[in-house]
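One is the number of the first residue; the rest follow in order along the sequence.
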Amino acid sequence: VQLQASGGGLVQPGGSLRLSCAASRNIFSINIMGWYRQAPGKQRELVASVTSAGVTNYADSVKDRFTISRDRAKNTVYLQMNSLNPEDTAVYYCNAFQGLVYWGQGTQVTVSS
């Protein structure tokens, strides 16, 4: 599975961004797709995930602010991020698990005034 992430950028606190992850195959057949992030000096952490059945999971720090969704026609997974704060600054990575783990390239999200 090849994954292409996009949509990062610089945003002010309280703002929104939408990340996209385009996959090379049918995302609804992939066991789990998710978004991880890694801030400087910190370990990579799970932000949100969605199973092939549509069950979603979120890190406590992003619940009620971030939403993961899928577009069947575009084979794309999105991460809608609202009410961003400086603690959300990180490189965000798209991830897929289908027997093996696949990673997309990271996309930088910077939240700063």
Taking all non-hydrogen atoms of both residues, which atom of W35 and which atom of S20 are closest, and how far apart?
CH2-O, 3.5 Å
Is there a side chain to side chain contact (heavy atoms under 4.5 Å, CB included) between R65 and D88 once you walk through the steps?
CA-CA 11 Å; R65 298 190 299 123; D88 296 315; 2.8 Å; yes
Which distance, rounded to the nearest 0.5 Å, do you find between the OG1 of T89 and the CD of Q108?
7.5 Å
How about P13 and V111: do any of their side-chain heavy atoms sit closer than 4.5 Å?
yes
By the rule that ILVMFWY residues connect when side-chain heavy atoms come within less than 4.5 angstrom, directly or transitively, which residues belong alongside W103?
I32, Y36, L46, V91, Y93, F97, V101
Tell me whether V50 shares a hydrophobic cluster with V55, the cluster being built from Ile, Leu, Val, Met, Phe, Trp, Tyr side chains joined at under 4.5 Å.
no
Could you walk me through whether S49 and M33 pass side chain to side chain contact (heavy atoms under 4.5 Å, CB included), step by step?
CA-CA 6 Å; S49 64; M33 292 201 68; over 6 Å; no
Closest approach of Q38 to A90 (non-hydrogen atoms, all atoms of both residues)
O-CB, 3.5 Å
Side chain to side chain contact (heavy atoms under 4.5 Å, CB included) evaluation trace for F66 with L84
CA-CA 9 Å; F66 291 11; L84 286 160; 3.8 Å; yes
According to side chain to side chain donor-acceptor pair (under 3.5 Å), who are the partners of N57, at least two apart in sequence or on a separate chain?
none
Do side-chain atoms of Q2 reach the backbone of S24 as a donor and acceptor pair under 3.5 angstrom?
no
Close side-chain approach of Y58 to V47, heavy-atom, < 4.5 Å:
no
Looking at every heavy atom in both L79 and A48, which two are closest together, and how far apart are they?
CD1-CB, 4.0 Å
I need the minimum non-hydrogen distance between Q98 and S29, along with the two atoms involved.
OE1-O, 3.3 Å
Establish whether L10 and L17 are linked, either directly or via other cluster members, by ILVMFWY side-chain heavy-atom contacts under 4.5 Å.
no
Between S6 and Q4, do the side chains contain a donor N or O and an acceptor N or O under 3.5 Å apart?
no
Test side-chain contact (heavy atoms from CB on, under 4.5 Å) applied to L19 and M81, R37, Q80, the passing residue
M81
Give the C-alpha distance, both sets of side-chain angles, the deciding distance and a yes or no for side chain to side chain contact (heavy atoms under 4.5 Å, CB included) between N26 and N75.
CA-CA 6 Å; N26 179 8; N75 278 336; 3.9 Å; yes
How long is the straight-line distance from SG of C21 back to CG of L3, given to the nearest 0.5 Å?
4.5 Å
Taking T110's backbone N and O only, do any of them form a donor-acceptor pair with S112's side chain (distance below 3.5 Å, no angle check)?
no
Y78 versus I68: any side-chain heavy-atom pair under 4.5 Å?
no
Can a side-chain donor-acceptor contact be found between S16 and N82 if the only test is distance below 3.5 angstrom?
yes
Might you point out which heavy atoms bring G8 and V109 nearest each other, and give the distance in Å?
CA-CG2, 4.1 Å
